[in-house]
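What you see below is based on every heavy atom in this structure, not just the backbone, and it leaves out hydrogens, waters and symmetry mates.
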Amino acid sequence: MAFLKAIPALFMIVIILGGILAACSRPPEAASVAVFYGLFLAFVVYRSITFAQFLGIFPLHHRAQRDGCCVVIAMAAMLG
């Protein structure tokens, strides 16, 4: 029974290696897809984390630092 519950999480390996070996994505892109898939599993499939708990992972001062990084990235994207 535990193996059946773990099948969605084990499918992450298929997403990463399948994307890379099928030449659909490069390793960084496959990793980012795996992160979002893992978040989907945590929130929807396993329901092991709530959105409030997820936001609690990032302290307030890290949010301000993240926002500053987002501004820098946005400006760099505008400049080409």
Do [X] and [Y] belong together in a cluster built from hydrophobic side chains that touch within less than 4.5 Å?
| X | Y | answer |
| --- | --- | --- |
| Met12 | Val14 | yes |
| Ile73 | Met78 | no |
| Leu41 | Val44 | yes |
| Phe51 | Ile49 | yes |
| Phe40 | Leu55 | yes |

Between atom [atom1] of [X] and atom [atom2] of [Y], what is the distance when rounded to the nearest 0.5 Å?
| X | Y | atom1 | atom2 | answer |
| --- | --- | --- | --- | --- |
| Cys24 | Ile15 | SG | CD1 | 12.0 Å |
| Leu21 | Ile16 | CG | CD1 | 11.5 Å |
| Gln53 | Ser48 | CD | OG | 8.5 Å |

Subject >> Ser32 backbone acceptor or donor facing Tyr37 side chain under 3.5 Å >> reply: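 Absent.
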**OP:** Sequence neighbours left out, what passes side-chain contact (heavy atoms from CB on, under 4.5 Å) with Phe36? Give chain and number order.
**Re:**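 Only Leu39 meet the side-chain contact (heavy atoms from CB on, under 4.5 Å) criterion with Phe36.
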**OP:** With sequence neighbours excluded, tell me which residues meet ring pair (Phe, Tyr, Trp, His ring centres under 6.0 Å) with Phe54.
**Re:**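 By the ring pair (Phe, Tyr, Trp, His ring centres under 6.0 Å) rule, Phe54 matches Phe43, Phe58.
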Original post:
Closest approach of Val45 and Pro8, non-hydrogen atoms and distance?
Top reply: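 Heavy atoms only, the tightest pair is CG1-CG, 4.5 Å.
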Subject >> Partners meeting salt bridge (charged side-chain N to carboxylate O under 4.0 Å, His left out) with Arg47 (sequence neighbours left out) >> reply: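 Scan of Arg47 (salt bridge (charged side-chain N to carboxylate O under 4.0 Å, His left out), adjacent residues dropped) gives none.
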